[in-house]
Amino acid sequence: MKQLEELRGVGPKRLETLAKNGITSLGALLAALPLGYVDALNPTPIERLTEQVHCVEGLILESPRRHYYGGKSAVKARIGDGSGVLSVTWFNQPWMSSQFKKGDSLLIYGKVGFYQGMANMVNPRKIQRRGIEPIYRAMPGLPGKTFSALARQALDSMTDECAETLPQWFRDNYGLCGKRFAWEQAHFPQSQTLLDQAKRRLAFENLLLYQAALLAVGQRGQAGLPLKGQEGDLNRYWSALPFSPTDGQRTALQDVFDDLNSGYAMRRLLQGDVGSGKTAVAFGAAWLAARSGYQCAMMAPTEILAQQHAASAAKLLSPLGITSGLLTGSLGTGERRAALGHIADGSWQLIIGTQALISDTVSYQNLGLVITDEQHRFGVRQRQALAEKKGGEAQAHMLALSATPIPRSLALVMYGDVEVSLIQEKPPGRLPVKTRVVPEGKRSQLFDYILAGAKRGEQCFYVCPLVEEDEELNAKSVKETYQYLKKGPLKALRLGMAYGQQDNADKTHAISRFAAGELDMLVASSVIEVGVDVPGATIMVIEDADRFGLAQLHQLRGRVGRGDKESWCFLLGQPNDRLQVMTQSDDGFFIAQKDLEQRGPGQFFGTLQHGHGLPDAFGVGDVRLIEETTRCLKSLAQDPKQGPFLEYLTGLSRDVFGSVFNSGRH
Ligand code: ADP
Ligand code: MG
């Protein structure tokens, strides 16, 4: 088998690009699977086009022409296939005008739109030949075609035997094709059937190894620190709070109490819709740990959220005599040193923070409980690293909080083997958030409503469109919207803004002024999605709502309706079935289910996946396959004869997922 640098077309520069993307061997190159496929096997006749993604084959009716609109170039062409005519525009690709001429045949793929009865495509993708074409993740200096050529060479230099990772008997048992064949079909699919076989093989192995690694990392039923809880503890905790717990909160904390006292390590996932009061349960767990002399670390996905938790911990837990403090990346040197001191000598019993909690310089005096908030935002590596901070034999207890309900099989791959507590109700007195879809023409009425609300002292979140995954563009969109509103329709109001890339001090300042009622409106990117608690806010406006997943819209909407006043959520965009779901239900679990149904688990996962440990690969969202591999692994684990094979799989999983699980301690 060749080395990567022996491939034609791979010089030092490409080698570096590949390495940056985690590709340092031929195997890793082939394992970098296409993100998706364009099905250009059966082009659609133009007369049968609908408003979705299609592949079209036709002849160029007249040579393409180049136009300019305010510095932007546009190449326009018309294509006919005998059944109709399609108009095509490429923006900012002036070279397209010299790529083809009248009479050339062209195979293209893209989203079809209609304008004045005429079908059109904007920036379609040109397809080389009829077939199934892979789409690769863009890497600078390495276009998809080049990547294909490298994959070809890699495959040619490899025998079936040296590619194979799973023994024949196992493949026969589970109906899996050979690995080299799977790679061949994944990169150069010959038919949908063969591609499906390839996907199954690669996804099966991927999920199997991932779960084997999870199994090795931590299981239920392992020895944990036994805490010395007493019966009166729970009542004492609840009666110290300013509110009485809901039944769900009470039961959840009872579950935690039982786990902590069982002698086994707790692995519990606390699920509850936004606003159901998960934090109070988490603090109760921290209190129980502190009662037995253990520290608790609580990790939140954003700095803002960590700060909010720290503020409410100070308020709720100090009457109970629990000391707490904050550790985030933005502390000054002096503050940081002081914080590290309090953590190391145990004078802080509850430490709240961001990922800074897992950095190597933090050492805990006596860590017994690890809580992660909005769990799905963290990768396995980060969670595990935090748990390992404990040191010693017995495992730290783990409690994960999540507002996103997922089927148990998905929980298995995301969290490993956990038990689940569910909070089903919300604290009493909450009114459901009324939700309306607001089409473009009604915008000025919306602004009037916001202005009137502000007069009554009601505050408003204004969430800007989600611009791809690009932080910079998101920042720009927030700034532009802010300027527009401030100068124009809402100049009478006190506005602030918050977005991901903003200077931390500015962001915190804006959010705390908003929380204190000193601002009428916070123009924000979806950074406010997680957790921010501002009881005075009653209006939520979401621009271009269709760009968000339903589960995410529900999270955003959960930022209002926290006080006792009636709250409204306005979704800007054209009414459609998807957005209508939001107006019909206030139940996060129902909405997540709809989201899953409408988009399929793959996409649903996509929006949850930020920082998630599972590498993008086939199978991540395939619930049935997850169940199948879970069963497979279970039966291997139960069969003593399979011990060596299981060990082999675990070793393999360490190679594959090493970067995911390796926390620097082994
Ligand atoms: P989430 O589950 O979304 O994390 P939070 O823990 O942030 O929800 O709670 C939302 C709000 O509800 C907070 O302001 C909290 O103080 C309040 N709250 C929590 N439990 C109760 C309760 N039992 N009664 C009244 N208010 C409560
Ligand atoms: Mg929360």
Side-chain angles (χ1 to χ4, degrees), residues 234-235 237-254 256 268-287 298-320 350 352-354 371-378 399-405 420-433 459 461 511 514-517 526-538 540 551-565 567 586-589 591-592:
L234 294 178
N235 280 333
Y237 172 71
W238 289 123
S239 54
L241 295 193
F243 44 75
S244 45
T246 61
D247 286 347
Q249 285 173 313
R250 201 183 273 284
T251 314
L253 191 58
Q254 181 71 51
V256 170
R268 187 164 289 278
L269 174 66
L270 175 58
Q271 289 199 331
D273 203 352
V274 269
S276 61
K278 295 183 290 295
T279 319
V281 176
F283 286 172
W287 185 71
M298 182 171 181
M299 184 158 73
T302 65
E303 180 121 12
I304 302 167
L305 197 53
Q307 283 163 356
Q308 285 219 343
H309 282 332
S312 36
K315 210 163 52 206
L316 295 181
L317 290 175
S318 57
L320 284 156
L350 168 61
I352 295 170
T354 50
I371 301 174
T372 46
D373 192 12
E374 306 297 344
Q375 171 84 28
H376 59 271
R377 296 233 159 192
F378 293 106
L399 178 66
L401 316 181
S402 177
T404 310
V420 180
S421 296
L422 199 61
I423 306 182
Q424 271 175 314
E425 71 274 65
K426 294 207 179 149
R430 293 283 164 77
L431 298 166
V433 179
Q459 294 170 281
F461 283 107
I511 291 176
F514 185 63
S526 49
V527 293
I528 58 151
E529 171 197 350
V530 266
V532 179
D533 195 19
V534 180
T538 57
M540 167 65 63
Q552 204 181 1
L553 287 175
H554 183 69
Q555 288 261 332
L556 284 167
R557 174 168 72 176
R559 299 305 116 221
V560 297
R562 305 202 142 212
D564 43 19
K565 289 207 200 94
S567 295
D586 197 44
D587 175 348
F589 283 47
I591 287 168

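The structure presented is a predicted model; accordingly, all values stated were derived computationally and were not measured. For this chain, numbers begin at 1 and follow the sequence in order. Order of appearance sets the numbers: ligands from 1, and atoms from 1 within every ligand.
Residue contacts with ligand 1: G277 is placed with a nitrogen or oxygen under 3.5 Å of a nitrogen or oxygen of the ligand (distance criterion only).
Between Y237 and L317, some side-chain heavy-atom pair lies under the 4.5 Å cut-off.
With sequence neighbours excluded, no residue forms a ring pair (Phe, Tyr, Trp, His ring centres under 6.0 Å) with F283.
At a heavy-atom distance under 4.0 Å, only backbone atoms of P245 (N, CA, C or O) approach ligand 1. Under 4.0 Å from ligand 1, not a single heavy atom of P535 appears.
Residue V274 approaches ligand 1 through these ligand atoms, each under 4.0 Å from one of its heavy atoms: 3 (O). For ligand 1, the atoms lying closer than 4.0 Å to a non-hydrogen atom of G275 are 1 (P), 2 (O), 3 (O), 8 (O). For ligand 1, the atoms closer than 4.0 angstrom to any heavy atom of S244 are 22 (C), 23 (N), 24 (N). Atom numbering of ligand 1 starts at 1 in the shown order; those under 4.0 Å from a heavy atom of T279 are 4 (O), 5 (P), 6 (O), 7 (O). Every atom of ligand 1 is numbered from 1 in the order shown, and the set under 4.0 Å from a heavy atom of S276 is 2 (O), 8 (O).
Scanning all heavy atoms of the two residues, the minimum distance from A300 to A306 falls at CB-N, 3.9 Å. Contact detail for A282 and I371: the closest heavy-atom pair is O-CD1, 3.5 Å.
Which of R430, Q249, Q555, R559 comes nearest to atom 17 (C) of ligand 1 through a heavy atom is settled by distance: it is R430.
Remark: of the listed residues R268, Q271, K278, R268 is the sole one forming a side chain to side chain donor-acceptor pair (under 3.5 Å) with S421.
Atom-to-atom distance recorded for L401:CG and D373:CG is 4.5 Å, nearest 0.5 angstrom.
Panel note: side chain Q249, backbone G277; a donor-acceptor pair is recorded below 3.5 Å.
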